[in-house]
Number of protein chains: 2
Amino acid sequence: MSQLLSGRVRAQSLVDVVTQRLEEAIMSGEFAPGSRLSEHALATSLGVSRGPLREAIRRLEGRKLVERTPNIGVHIAVLSLKDLADLLIVREALEGMACRLAAERMTDEELSGLDQLLEEHGEQESVRAGTGYYQEGRDFDFHFRIVKASGNAQLIQMLTGDLYDLLRVYRYKSSTLDGRAAKAFQEHKAVVAALKSRDPDKAEAAMRLHVRNARMHVATRMVTEEPVIPAPKRQGARAETPPSKQRIVRL
Amino acid sequence: MSQLLSGRVRAQSLVDVVTQRLEEAIMSGEFAPGSRLSEHALATSLGVSRGPLREAIRRLEGRKLVERTPNIGVHIAVLSLKDLADLLIVREALEGMACRLAAERMTDEELSGLDQLLEEHGEQESVRAGTGYYQEGRDFDFHFRIVKASGNAQLIQMLTGDLYDLLRVYRYKSSTLDGRAAKAFQEHKAVVAALKSRDPDKAEAAMRLHVRNARMHVATRMVTEEPVIPAPKRQGARAETPPSKQRIVRL
DNA sequence: CCGATCTCTATTGTCAACAGTTTACATCTT
DNA sequence: AAGATGTAAACTGTTGACAATAGAGATCGG
């Protein structure tokens, strides 16, 4: 029997499809944080009835991506800068642990893959100059690989399945601007060096330092610009415009 | 105006009530891991229609407490011993971080509260003898307080709102039996001592050691008893009996 | 002109019926 | 008798209709 026809196929319910679409819309920023979702408008827009749509929303509710107020409606999750800082602390703990585990379990192939990735990073002049930031997703890819290499399914799920999503809602780019790019690049190299040495303590420390430094950048901004989000008006089709202008946080 | 009448009250939708009921049923072990839920039977049993019930289930799905297979049904989450060990590693990372934060932020009142809690623990002869285990929820209370004292909303949510739930599904009691009670008690005292010293590094290290020791107990069992859960038959009213006998893990 | 109350409309919450799929069982074939 | 095939029952997926609620604007009284 052909390889292509081996695995069992399963129907994808409308809820699954709708969930994915909503996820994408939230991640991409099409639905801004704080904006309200109209069930009727969204359902017709997606071409499904309200039932599956509501179920999809409930699933996102369980993942804290949206919040429902009874008889009022659902709003895309809003993260305060305090929330963002808190999330980055969680990230520090989890990625530190992931890096520790990776130091023990990572294969030599995966390690050389990281090396190559860093080499490509280094060739970007923007990084060398210290002015620009990593190409979209490059820094993410670096972290992603290490987390995956931890071999801890729960850790992988929590980071790549939940936490990264939440950070993305906030348009959070993890290492950029302000001359941090060059520094972040050095930190990445330190992480890889620690991984190569197979020293769990060093690996965890290096990764935590890296994430912590990124967090510090947020901390310095917290005093200046805590956003005040006015309660959005009702009405409005599809998804409303953001209550305040889209916040882009880089660091 | 009275204090009791200040906060705004919100209607609790059927979905909210049903979600809570399901949660309790799963936590209490009334629905064993791996057992299937019949929508029709459950709905009539709860006195609601399938709509709200399905939405409640979707929410639990987002929290990974249940798993749905299209056109087949939903099953209570099943955690392998590998999953349990992985979860405890995550817990080590998160509670370690929580303890670090608590060392800096905990008030003196909270600290003396911990002292008192430990004193009560010490008076239990079962602990002193090293044979019994902590009274139900006592060890949990200890960890709970420290996590709360971290002041990190995300950390609190992930631990007390998600991770502890998952562990409870597994009937996981965190420090018991096998003479570990006395040792766990000593470890608790070390944690409090570190908190009192206001030394973040020490506090994190003490908590991580404590959680890690608990994890080691699980690790020793992993080789012997990975459960084989046979695919449960269809049919059956309400909730089916567990596919294999209820697993009680203590350590 | 201001405030309280009422009414109406848009929106969410809930339900019951219908459609599609899966699984078990009976039947037929070899 | 063993395997394949058809059939029916039970279940999940989806829908559209109906009930209940909240918020905005109109109306009335001071």
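Naming: A, B, ... by sequence-line order, numbering from 1 per chain. Below, each value reflects all heavy atoms present in this structure, side chains not excepted, and no hydrogens, waters or symmetry copies.
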Peer 1: Figure out the CG/C1' separation between A:Leu37 and C:dT12, and round it to whole Å.
Peer 2: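 Rounding to the nearest Å, CG of A:Leu37 and C1' of C:dT12 are 13 Å apart.
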Peer 1: C:dA16 P sits how many Å from B:Leu14 CG, rounded?
Peer 2: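 So the CG-P distance, B:Leu14 to C:dA16, works out to 12 Å.
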Peer 1: Any chance the side chains of A:Asp16 and A:Ser13 put a donor and an acceptor closer than 3.5 Å?
Peer 2: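 Side-chain D/A pair, A:Asp16 to A:Ser13: present.
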Peer 1: In this structure, how many angstroms lie between the C1' atom of C:dG13 and the CZ atom of B:Arg59, rounded?
Peer 2: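 Value for this atom pair: 13 Å.
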Peer 1: Could you tell me whether the phosphate oxygens of C:dT12, OP1 or OP2, come under 4.0 Å of any side-chain nitrogen or oxygen in A:Arg68?
Peer 2: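 So the side chain of A:Arg68 is outside the cut-off, no N or O lying under 4.0 Å from OP1 or OP2 of C:dT12.
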Peer 1: Please state how far atom CD in A:Glu61 lies from atom P in C:dT12, giving the value in whole angstrom units.
Peer 2: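 Interatomic distance, CD of A:Glu61 to P of C:dT12: 13 Å.
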Peer 1: Do you know which of B:Arg208, B:Met207, B:Arg215 makes side-chain contact (heavy atoms from CB on, under 4.5 Å) with B:Val211?
Peer 2: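 The single option meeting the side-chain contact (heavy atoms from CB on, under 4.5 Å) with B:Val211 is B:Met207.
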Peer 1: Taking atom P of C:dG20 as reference, at what distance in whole Å does atom CD1 of B:Ile72 sit?
Peer 2: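 Answer to the nearest Å: 18 Å.
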Peer 1: Round to a whole Å and report the spacing from CD of A:Glu39 to P of D:dT15.
Peer 2: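 Roughly 14 Å, once rounded to whole Å.
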Peer 1: Could you give the distance from CZ (A:Arg58) to CD1 (B:Ile57), rounded to the nearest 0.5 Å?
Peer 2: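 Interatomic distance, A:Arg58 CZ to B:Ile57 CD1, rounded to 0.5 Å: 12.5 Å.
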Peer 1: Could you give the distance from CG (B:Leu84) to CG (B:Leu167), rounded to the nearest 0.5 Å?
Peer 2: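 Result: 6.5 Å between the selected atoms.
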Peer 1: For the pair made of NE2 in A:His40 and C1' in C:dG13, what is the distance, rounded to whole Å?
Peer 2: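 In whole Å, C:dG13 C1' lies 16 Å from A:His40 NE2.
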Peer 1: Return the residues of residues 48-58 of chain A meeting this criterion: a heavy atom under 4.0 Å from some atom of DNA chain C. Order them by number, or give none.
Peer 2: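 When residues 48-58 of chain A is checked for heavy atoms under 4.0 Å from DNA chain C, the hits, listed by number, are A:Arg50, A:Arg54.
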Peer 1: Rounding to a whole Å, what distance do you find between B:Gln12:CD and C:dT14:P?
Peer 2: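 The distance from CD of B:Gln12 to P of C:dT14 comes to 11 Å, rounded to the nearest Å.
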Peer 1: Run B:Asp165 and B:Met27 through side chain to side chain contact (heavy atoms under 4.5 Å, CB included) and show every step you take.
Peer 2: CA-CA 7 Å; B:Asp165 282 353; B:Met27 297 303 151; 3.4 Å; yes
Peer 1: Nearest 0.5 angstrom please: B:Leu94 CG to B:Ile156 CD1, how far?
Peer 2: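 Going from the CG atom of B:Leu94 to the CD1 atom of B:Ile156 covers 12.0 Å.
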